[in-house]
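Naming convention: chains lettered A, B, ... in sequence-line order (proteins, then strands); numbering from 1 in each chain.
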There are 2 protein chains.
Amino acid sequence: MQSSSAGSSRSLKEIKADAVAASIAESALALFDKKGFDSVTVDEIASASGISRRSFFRYFGTKEDVVVSGHAAFGEMIIEMVKGRPQEEDVWVSLRRGYDVLVDNVDRDPEGAARTMRVINSTASLRAHTLEKHGAWAVGLAPEIARRLGDLDARRLEADALVHASFACLDVALAHFARNPKARLHELLDAAFKALR
Amino acid sequence: MQSSSAGSSRSLKEIKADAVAASIAESALALFDKKGFDSVTVDEIASASGISRRSFFRYFGTKEDVVVSGHAAFGEMIIEMVKGRPQEEDVWVSLRRGYDVLVDNVDRDPEGAARTMRVINSTASLRAHTLEKHGAWAVGLAPEIARRLGDLDARRLEADALVHASFACLDVALAHFARNPKARLHELLDAAFKALR
DNA sequence: TCCTAAATGGCACTCAGTGCCAATTCGCGG
DNA sequence: CCGCGAATTGGCACTGAGTGCCATTTAGGA
């Protein structure tokens, strides 16, 4: 999927490599969705993608990465979005706005997003991995929130609680969305955020 | 560790098995704390415990279970505690009181709890596993909270958000406790809960 | 003491993940 | 169009977690 950070020159090699990775991910996701993540072996994915097992692990460090690595860039994007919000804005609102980058992405391809969520939510290790990734994003986000709260050490815990709770809202909203893809994610998120205020 | 559910007769066998498991866990935790979870093999744990590799997997289904399975019972205990709170009590307060069973357990052996938290917090897969377990507990807890909120379907998301956010507070408080074991966990938890109200 | 059932250990297997090296492919200058 | 060098790929062998199967040992009760 997309992963541009320096928006200028992508060598032909990189473009091709990304295309191959996307193609592998597509085959793999389809298999996962049909048979379940755990009962698909890397060998299966490799032969379904027309590559060797060894090459699979060059494109994706782990089997889980096929499902998860596409979202890696969102952490930074959410943090940047929150940093760009007005300083005097209520931090809870700023956090909510940060997740708009995710909402927009889901809205761009609801069926694909729903399939990915289906795979993640039906596999304990993937749920765990996703939660832990959100925790890592939260660590990156907390200093910004702490700064707005006054940056006293006493506010550190408060900032952590707010940030992690906001990710809890995101996870809840995404879980509801996965069970009912015709719901609008942004409305679910708004409702979850409202519940804590 | 303790795992009594039917509070009556524990056969001698079971008592002995629990003791063996506790002894294995002690050796393993010491190794994990010294060398890091990932660089300790099951073979090492087995020989350090004077058992075979195969027997290790009879006591613990996975290497992670050595660290994590001791807390399995707390999920049910937290749910029972919350169910036992007065019906008219504010749900946020009821949730906070539920975690007292964890706080009490930590207070009973602060050094041991800190060591376990150290091991968990320094290993991504264990952090992930713990988060996912809390998520599973949240699923068990949500119906009770939804019931108190009026049980309308519209309240389902709200209940989920509250429950998951309360676990986020718990995780934040535990993380702070792991970094600073001289802090009082119940105060950290109170502060985290207060931050969301 | 003996007999049975559970606990244990050993072995071989699957699968994820990794290091190493040989073969292949591909871009590029001549 | 040819060939050179670098990057990509694939094969192979290895480690480590986890599991099924079976033989052996242990331990408890008649």
* Considering only heavy atoms, which members of residues 128-136 of chain B lie under 4.0 Å from some atom of DNA chain D? ->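 The answer is none.
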
Rounded to the nearest angstrom, tell me the gap between atom [atom1] in [X] and atom [atom2] in [N].
| X | N | atom1 | atom2 | result |
| --- | --- | --- | --- | --- |
| B:Asp18 | C:dA7 | CG | C1' | 15 Å |
| A:Asp38 | D:dG18 | CG | P | 13 Å |
| B:Ile15 | D:dA27 | CD1 | P | 16 Å |
| A:Glu14 | C:dC26 | CD | P | 18 Å |
| B:Asp65 | D:dG18 | CG | P | 8 Å |

Classify the side-chain pair [X]/[Y] by whether it contains a donor and acceptor separated by less than 3.5 Å.
| X | Y | value |
| --- | --- | --- |
| A:Asp171 | A:His134 | yes |
| A:Ser166 | A:Tyr99 | yes |
| B:Arg53 | B:Thr41 | no |

* Asked: Should we count CZ of A:Arg147 as having more than 12 external heavy atoms under 6.0 Å?
  ->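 Count over threshold, so yes.
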
* To do: Kindly state which residues belonging to residues 48-64 of chain B come within less than 4.0 angstrom of DNA chain C, counting heavy atoms of the residue only, listed by number.
  =>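 The answer is B:Ile51, B:Ser52, B:Arg54, B:Ser55, B:Arg58, B:Tyr59.
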
* Indicate yes or no: does A:Arg115 engage A:Glu111 in a salt bridge with an N to O separation below 4.0 Å. =>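 Salt bridge absent between A:Arg115 and A:Glu111.
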
For a quick test of your reading: what N or O donor-acceptor pairs under 3.5 Å do the side chains of residues 120-128 of chain B make, sequence neighbours left out?
from, atom 1, to, atom 2, distance (Å)
B:Asn121, ND2, B:Met117, O, 3.3
B:Ser122, OG, B:Arg118, O, 2.9
B:Ser122, OG, B:Val119, O, 3.1
B:Thr123, OG1, B:Val119, O, 3.0
B:Ser125, OG, B:Glu64, OE2, 3.0
B:Arg127, NE, A:Glu132, OE1, 3.0
B:Arg127, NE, A:Glu132, OE2, 3.4
B:Arg127, NH1, B:Asn121, O, 2.8
B:Arg127, NH2, A:Glu132, OE2, 2.7

* Residue pair B:Trp137 / B:Lys133, side-chain heavy-atom distance below 4.5 Å ->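 A side-chain contact exists here, since the closest heavy-atom pair is under 4.5 Å.
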
* Would you mind classifying the nucleic acid contact of B:Val40 as base, sugar-phosphate or nothing, using non-hydrogen atoms under 4.0 angstrom? =>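 Counting heavy atoms under 4.0 Å across all strands, the contact made by B:Val40 is with sugar-phosphate only.
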
* Asked: Got a donor-acceptor contact below 3.5 angstrom from the A:Asp109 side chain to the A:Gly112 backbone?
  ->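 Side chain of A:Asp109 to backbone of A:Gly112: a pair is present.
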
